[in-house]
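Read through the structure below, which is laid out as structure tokens, and then see the notes.
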Amino acid sequence: MNVKRILRHLLIPAWRVKRRFPEAMLAEIEAAIRDSESGHRGEIGLAIEGGLGLAALWRGLTPRQRALDAFASLGIWDTEENTGVLVYIQYADRAVEIVADRGIARHVPAERWQGICRALEARFRAGDYAGGCAAAVAEIGTLIATHYPKTDDNPNELPNRPVIM
């Protein structure tokens, strides 16, 4: 049990996350996702979470474990070709995780996803939240398009709107 981590999570309510990611920024990220998805057959989701609850912290839930939970609960896995990708931002831990469904994960090595995560974390440290998210979405879109390029039948299977959890 890490007391500093517990305090950090308990002191970051949802309103602080909404202040860091205001409505205009969420709309900008949503547009970046929509633009990216117009060039491939994948689906990109983005979820931002402030602090975890006490029970999750007591169990030692890691950002990766929480990202996997979010991937399932948001239905990112529910795409025709298993090409959903979730960018999960754990604000209290200042961590970014990417969870890719099996269709795209078999083509892209884990190190590549980790590189996108570290680059996004660096942009966040510099205070560039909107630009960092847009750059991450664009890079993910390029990876998906390499293996699942756009076709005439390219339905939007999941919402493009970032979710604040």
Side-chain angles (χ1 to χ4, degrees), residues 5 7-53 56-57 61-79 83-101 104 108 112-146 148-150 154-165:
R5 181 176 186 237
L7 288 174
R8 188 172 59 244
H9 278 262
L10 295 178
L11 294 173
I12 298 186
W15 65 265
R16 283 189 62 191
V17 175
K18 289 179 181 176
R19 190 169 63 180
R20 176 60 67 195
F21 290 89
E23 183 61 35
M25 186 183 301
L26 294 176
E28 194 176 322
I29 296 167
E30 180 179 11
I33 292 171
R34 187 176 44 255
D35 290 347
S36 173
E37 288 181 356
S38 70
H40 57 74
R41 299 189 318 268
E43 293 291 324
I44 301 171
L46 192 135
I48 308 154
E49 189 162 37
L52 298 175
L57 293 166
L61 192 71
T62 65
R64 181 67 183 174
Q65 291 165 328
R66 185 62 184 127
L68 292 168
D69 290 346
F71 181 83
S73 68
L74 295 172
I76 306 297
W77 55 270
D78 194 20
T79 62
T83 55
V85 176
L86 174 67
V87 178
Y88 172 78
I89 300 164
Q90 212 319 299
Y91 188 74
D93 285 331
R94 304 199 187 304
V96 176
E97 294 287 341
I98 293 178
V99 181
D101 205 351
I104 189 65
V108 179
R112 189 72 188 271
W113 300 121
Q114 288 300 313
I116 296 169
C117 291
R118 302 302 77 86
L120 184 51
E121 289 169 353
R123 298 280 292 261
F124 284 175
R125 282 192 298 277
D128 185 14
Y129 290 85
C133 287
V137 165
E139 189 169 350
I140 291 166
T142 299
L143 290 172
I144 295 171
T146 300
Y148 294 91
K150 176 184 174 180
N154 189 25
N156 189 19
E157 298 176 84
L158 298 172
N160 297 329
R161 183 78 176 165
V163 175
I164 295 181
M165 303 177 72

Q.
As a quick check of understanding, evaluate side chain to side chain contact (heavy atoms under 4.5 Å, CB included) for V85 and W113, giving each step before the final call.
A. CA-CA 10 Å; V85 176; W113 300 121; 4.1 Å; yes

Q: For the pair I33 and R161, evaluate side chain to side chain contact (heavy atoms under 4.5 Å, CB included) and give the outcome as yes or no after the intermediate values.
A: CA-CA 8 Å; I33 292 171; R161 183 78 176 165; over 6 Å; no

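The CG atom of L68 sits 11.0 Å away from atom OG of S73, with the distance rounded to the nearest 0.5 Å. Rounding to the nearest 0.5 angstrom, the gap separating the CG atom in L7 from the CG atom in L57 is 10.0 Å. Here the straight-line distance linking atom CD1 of I98 with atom CG of L46 works out to 9.5 Å at 0.5 Å rounding. Separation of atoms NZ (K150) and CD1 (I144) is listed at 15.0 Å; rounding is to 0.5 Å. Separation of atoms CD1 (I76) and OG1 (T83) is listed at 10.5 Å; rounding is to 0.5 Å. Note that the CG atom of L74 and the OH atom of Y88 stand 10.0 Å from one another [nearest 0.5 Å].
When all heavy atoms of D101 and W77 are compared, the closest pair comes out as OD2-O, 3.0 Å. Between G131 and D128, the shortest heavy-atom distance links the atoms N-OD1, 3.0 Å. The two residues G141 and H40 make their nearest non-hydrogen contact at O-CD2, 3.4 Å. Between I44 and V137, the shortest heavy-atom distance links the atoms CD1-O, 3.9 Å. Scanning both residues, A136 and I116, for their nearest heavy atoms gives CB-CG2, 3.9 Å. For A130 against E28, the heavy-atom pair with the smallest separation is CB-OE2, 3.6 Å.
Between I89 and P162 the shortest side-chain heavy-atom distance does not fall below 4.5 Å. Considering only heavy atoms from C-beta on, V17 stays 4.5 Å or farther from E49 through its side chain. Using a 4.5 Å heavy-atom threshold, the side chains of L26 and E30 count as separate. P149 is listed as a side-chain neighbour of R41, based on a closest heavy-atom distance under 4.5 Å.
Judged by distance alone, the side chain of E37 and the main-chain N or O of N156 form no donor-acceptor pair under 3.5 Å. Listed for the E43 side chain is a donor-acceptor partner under 3.5 Å among the backbone atoms of L158. No donor-acceptor pair closer than 3.5 Å links the side chain of H9 to the backbone N or O of A92.
By the salt bridge (charged side-chain N to carboxylate O under 4.0 Å, His left out) test, R20 pairs with no residue at all, sequence neighbours left out. Scanning for salt bridge (charged side-chain N to carboxylate O under 4.0 Å, His left out) contacts around R34 gives an empty result, with sequence neighbours left out. Applying the salt bridge (charged side-chain N to carboxylate O under 4.0 Å, His left out) rule to R94 yields no partners; only residues at least two apart in sequence or on another chain are considered. Every residue was checked against the side chain to side chain donor-acceptor pair (under 3.5 Å) condition with D69, not counting sequence neighbours, and none meets it.
Each salt bridge (Lys or Arg N to Asp or Glu O under 4.0 Å) pair with one or both residues in residues 7-18, not counting sequence neighbours, appears once here: R8-D93. Here ring-ring contact (aromatic ring centres under 6.0 Å, His included) pairs that include residues 20-39, with residues two or more places apart or in two chains, are F21-Y129.
With respect to E139 and R112, a salt bridge is recorded, a charged nitrogen being found less than 4.0 Å from a carboxylate O.
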